[in-house]
Amino acid sequence: MAEAAILVALETLRNLLLDETKFLSGVGSQVKGLESQIKEMQCLLEDTDRSRHHGSRSIGYWILEIRDLVHQAEDVIEMYSVMQISLKRGRGIRQFFQRFSCVSNRCCRLHKIGLEISEIRTDIGRVYKSMQEYGLRSIVQEENSGPASENQIWKRKTYSFETNDCFVGMEEDLKRLVSLTVDNNLNRVISVWGMGGLGKTTIVRRVYNHANVKHAFDSFAWVCITQQCRIRFVLEEVLKQLMPQKKEDAMHLTDTELVEQLFQVQKDKRCVIVLDDLWKIEHRDCLLDVFVDSKILMTTRKQNVADVGLSYKLGLLNMADGWQLLKCKAFPRGCVPPDFGPQIELFEEVGKKMVKICGYLPLVISLLGGILSKRRSSKEWELVNKNIDDYLFSAGSTDQDNRINAVVLDLSYEDLPSYLKPCFLYMGQFVEDQYVYGDNLYMLWIAEGLISVENRASGETLMDVAELYLSELASRCMVEIVAQDTVSSKRYVSCHLHDVVRDLCLLKGKKEDFRLKVVNCQGGRLDVLSPSVLGIKTRYLAMHFRGEVEVEHDELTTNHEETTKHIRSLKLICHSKQRKINFPKSVLEYFYNFKLVRVLVFEGCNFQGRKLPKEIGNLIHLRYLRLRNCEFTELPSSISNLIYLSTLDLFHSWDVRIPNVLHKLIQLKHLFLPDYRKTSNAIARNYQLSLEGLSRLETLIGFDSLFHDWKSVSRMKNLRRLRATVHDVKTLSEIIYDLKTYRDNLQESTLIIRDGCELTSLEQEVPILRKLLTCPNLHSLWIDVHTPNLKQEIKTQLVFPRLVFLTLRNCKIEDDPMQMLEILPCLESLCLWPCSYVGKNMTCSGSGFCKLKTIQLWGLLNLTEWKVEKGAMPILSELEIRDCPKLGKIQDELRSITNLEELEISELPGFGKWVCGRKRGVQHCLPCSFRHHP
C-alpha cells in the first residue's frame with residue numbers, strides 16, 4: 001500500500017508545524033488539533049503496516065484519502081508561511097504605507113487558513129471514523145488468516161530435497177562451506193547471508209545433501225522459518241526430523257518435555273539443523289538456546305541476524321558464470337537450436353548483455369533463462385534483449401516479474417520499519433551504477449524531512465541518525481555500501497543500489513504512490529517545464545541529461561498553479577563530461593515559481609549570462625541548494641532570505657563570488673565553497689568572504705587561505721568535516737594548532753598545501769614541517785610544494801598518527817620516499833604524482849605499508865627500478881602506473897603482491913596499456929593476468 005508516502009508526509013508536516021509556529025499564532029488551536037489528529041492517524045497506519053496486509057480495496061481507498069489530506073495540510077501551512085515572510089520583507093517608505101493594510105491582510109489570511117485547516121480536520125475525522133466503524137483491524141486480521149495469506153506462506157517454504165537444477169558459479173563457496181560444516185572443531189553456527197536472489201538456500205541445500213556431510217552426521221533437520229516464525233512449531237518440526245519415531249507424539253508434549261527431548265537427541269547423535277530464511281535476532285536466539293549441541297546452518301538477508309558464529313556473505317556471479325547459468329536455464333537439455341549455429345558469436349554477445357542487465361543476480365538470470373527457453377531463434381533472443389525490462393520488471397507483466405519482486409525486494413521491504421521505507425524509496429532517483437557519497441545522501445534525507453528528530457539520542461546530530469538509517473538498510477542487504485573503517489569505525493564513504501533492486505525500488509515507489517519521477521534525456525530538445533515532464537502531483541523530480549540537450553520552455557503549455565504547488569525536490573543533473581547544459585534566462589526565472597521546493601540541484605549547467613537570478617531568494621523553504629560544476633559568476637545577495645537553508649553546495653563551480661551574507665543563514669550546517677583559479681577575477685579584485693557567524697557549521701569544504709580567515713573557522717566548534725587549502729605558513733600554523741587542541745570531534749579532515757606555503761620555514765624555532773608531520777586528527781594530506789628535507793623529518797617517532805590518504809606532487813624528493821612513507825601506521829592510499837620524486841630507485845621493504853590498499857605512480861620521469869620485497873603491501877588491491885618511461889621490468893615485483901585486484905599500466909616501455917579489472921562477485925585476480933587494450 002502507500003504507507004511510506006503518507007508516513008513521510010506526516011513526519012514532514014509535524015516538523016513543519018514546529019518550524020512555522022511563529023507564523024501560525026492566529027490559528028494555534030486549529031493547528032494543535034490538526035497535529036493531534038495526525039498523531040492518531042500515524043499510530044493507526046503503523047499498526048496497519050505491521051499487520052502485513054495485502055490487497056484490501058477499502059484500506060487502499062482510505063490511505064489514498066489520508067495521503068491527499070496530509071499533503072493538503074502541508075501545502076496550506078507552507079503557502080501561508082511564504083505569505084507571512086514576504087509581508088515582513090518590506091523596507092522603508094513601502095513598509096510604512098503597507099503597515100496599515102497589514103493588519104487587515106493578515107486577518108483575512110488567518111481566517112482563510114483557519115477555514116482550510118478546519119475543512120482538512122473535518123475530512124480527516126470523517127476518514128478516521130469510517131476506518132474505525134468498518135473495523136480496520138478486523139479487515140486486516142481476516143486478510144492475514146484467509147486463503148491468500150496461506151498461499152503466500154506456502155510459496156515461501158523451502159525444502160531440503162534437491163532438484164535437477166543448475167548449480168553454477170558457487171563451487172568454491174560450496175567446497176568451503178562443506179569443509180566448515182564437517183569440521184567439529186570450527187564454528188558451531190554458520191550463517192550464510194546476502195540479498196534476496198543470491199542463492200543462499202540453494203547452496204545451503206547442496207551442503208545439507210553433500211556426501212561428506214551425510215557421512216559426518218547422524219541426523220538431519222531442515223526448517224523454513226520466514227517472518228512468521230512460530231518457535232513451538234519449529235521445535236516440533238526439528239524433533240520430528242531428528243527422531244522420526246516421535247512424529248505422532250511431538251504435538252502432545254509440553255514445552256518443557258519438547259525441549260528436554262531435543263536436548264537428549266542432540267546429546268545422543270551428531271545433528272545438522274538448517275534454519276532457512278531467518279529474519280529476527282530474537283527468533284535466532286530462542287532457537288540457538290535449544291539447539292546447543294548441533295551444527296547449525298542459517299540463511300538470512302540481515303547482517304545483524306548473521307552476526308553469530310561464522311558469518312559467510314555470499315557474492316554475485318561473474319560474467320562467465322552468469323553466462324553459463326543462462327545457457328543452462330535456456331537450454332535445459334544442453335541442445336543449442338540449429339538456428340544459432342551460424343550466429344553463435346552474436347548469440348553469446350546478446351546473452352552476455354542480458355546477464356549484465358540482470359545484475360549478475362542468480363535468481364534473475366535463472367528466470368530470464370526460463371523465458372528464453374521458449375524462444376527458439378536468435379531473432380527472438382534479440383527481441384527479449386530489446387524489451388528485457390518489460391519481461392522482468394514491469395509490474396504485473398509476467399509471473400516471473402511477480403516472483404522477482406516477491407523474492408528480491410517485497411519481503412525485505414515489508415520487514416523495514418516505517419521510518420526506513422521512504423529513505424529507501426527516495427534512492428530510486430539515482431541512476432544505475434551511481435555511487436552516492438554517504439554524507440550527501442544524509443543531507444538530502446534531512447532536507448526532505450525523511451530523518452525523524454525523535455530518533456535522535458542525546459549528543460547526536462541528524463547526520464548521525466541518517467548514518468544509522470543507512471547502516472540499517474545495508475545490514476538488511478537493501479543497499480550496498482563502501483565502508484571506511486580507518487578514519488571512523490562507523491562511517492561510510494558511498495553507497496548504491498544493485499541494478500535489479502533499483503528497478504524494483506522504482507516499481508515499489510509507483511505502487512506506494514511515493515510521487516517520485518525520474519526523467520532520462522539522451523539528447524535533443526526538452527521543455528523541462530512542460531506538464532508531461534513535471535507530471536501531476538509529483539513531489540520528487542530528478543532529470544538526468546546525457547548527450548547534447550537543448551533546454552527550452554513554452555509558456556503557453558505551462559500552468560503555474562498545477563505544475564509548481566506539489567514539487568518539493570527538483571534535481572537537474574548533466575552526466576556529460578564534455579559539455580554543460582545551457583539554461584536560458586526564461587527557464588531559470590520560471591524555476592523560482594516553485595515556492596515550496598525544499599531541495600534544488602543543478603549539476604553541470606551553464607546559466608545564461610553567467611548569472612543566477614535574484615529571484616532565487618523567493619524560495620524561502622529551501623533546505624538544500626546545490627550548484628555543483630556550474631558556470632556562473634556570483635550568487636545574488638537575495639540568498640540571505642533562505643532562512644531554512646541547511647546545505648549550500650558550490651563545489652567545483654569555479655571562481656564564484658559569494659556575497660557577505662552567509663551569517664544570515666541561521667540554519668546553515670553544511671557549506672561547500674567554490675574553487676578559485678590563480679588567474680581568477682576574485683584574486684585580482686582582492687575578494688574576501690567572511691565566514692563569521694557560522695557557529696552551527698558541521699561541514700566546511702573549500703576553505704582557502706587566500707580568501708578566508710581561519711580565525712572565523714577556529715570558532716566553529718561543531719565541525720566534523722573540513723577541507724582546507726593553505727598558501728601561507730601563518731595559516732598553516734594556526735590550523736595545526738587547532739587540529740592539535742580543539743578538533744577531537746573531526747570525522748574527516750583534509751589539508752592541501754600549495755605554493756606560497758614554505759615548509760622549510762621555522763615556527764618558534766621549530767620547522768613547520770615537523771609540526772605538520774606530528775599533527776593528530778589529520779586524515780588526508782596533499783603536499784604540492786618543494787619539500788627537500790622530508791626524509792630528515794620522518795623518523796621512527798610517531799608521525800601522521802591518523803593519516804589515511806597522502807598525495808605528493810612537485811616535492812622534488814631526492815631520497816627514496818618509500819623508506820620514509822612505509823612506516824605511516826594508518827596509510828591506505830598513496831599517490832606519487834609528477835615531480836614528487838626525482839630519484840632513480842625505490843624499494844618497498846617486506847614489513848612496510850601494512851595497511852596500504854591503493855598506490856598511484858604518475859609521471860616519475862627518472863624512476864628506473866622499483867623493488868617490492870616479499871611481504872610488502874600485504875593488502876594492496878589497486879595499482880596504477882602511468883608515464884614512467886624509464887621504469888624497467890616489473891612483472892617479478894607484481895607477483896609478490898598477492899591480493900591485487902585492479903591494475904592499470906600505461907605509457908610504460910614494453911607494456912602499451914594494460915588493465916586488470918575487478919571480477920564481479922568474488923573479488924580476485926591473479927597477478928599479471930592482464931587484459932590488453934592497445
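Small disclaimer: the values here were computed from a predicted structure and weren't measured.
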- Item | Residue list, side-chain contact (heavy atoms from CB on, under 4.5 Å) with His663, at least two apart or on another chain | none
- Got a donor-acceptor contact below 3.5 angstrom from the Ser836 side chain to the Asn810 backbone? no
- Excluding sequence neighbours, so at least two apart, what forms side-chain contact (heavy atoms from CB on, under 4.5 Å) with Arg721? Asp439, Met443, Arg491, Phe672, Thr699, Ile701, Glu748
- Query: Knowing that exactly one of Leu719, Asn718, Val713 qualifies, which makes a side-chain contact (heavy atoms from CB on, under 4.5 Å) with Leu697?
  - Reply: Leu719
- Would you mind listing every salt bridge (charged side-chain N to carboxylate O under 4.0 Å, His left out) that reaches into residues 832-847, with sequence neighbours excluded? none
- Message: Is the ring pair Trp654/His652 parallel, tilted or perpendicular, if the boundaries are 30 and 60 degrees?
- Response: parallel
- Item | Sequence neighbours excluded, every pair satisfying salt bridge (charged side-chain N to carboxylate O under 4.0 Å, His left out) that has a member inside residues 687-706 | Glu692-Arg715
- Query: Which pairs pass ring pair (Phe, Tyr, Trp, His ring centres under 6.0 Å) with one or both residues in residues 813-837, sequence neighbours excluded?
  - Reply: Trp782-Trp833, Trp833-Trp858
- Task: Supply the atom-to-atom distance Glu432 CD to His544 NE2, rounded to the nearest 0.5 angstrom.
- Result: 11.0 Å
- Task: Run the numbers on Thr461 and Asp464 for side-chain hydrogen bond (donor to acceptor under 3.5 Å, both in side chains), then give the verdict.
- Result: CA-CA 5 Å; Thr461 66; Asp464 294 327; 3.3 Å; yes
- Would you say the side-chain atoms of Ser705 and Trp710 include a donor-acceptor pair closer than 3.5 Å? no
- Results of side-chain contact (heavy atoms from CB on, under 4.5 Å) for Lys867 - residues two or more places apart only: Thr843, Glu865, Glu893
- Item | Within 45° cone of Tyr644 ring axis and under 6.0 Å: Arg623 NZ or CZ | yes
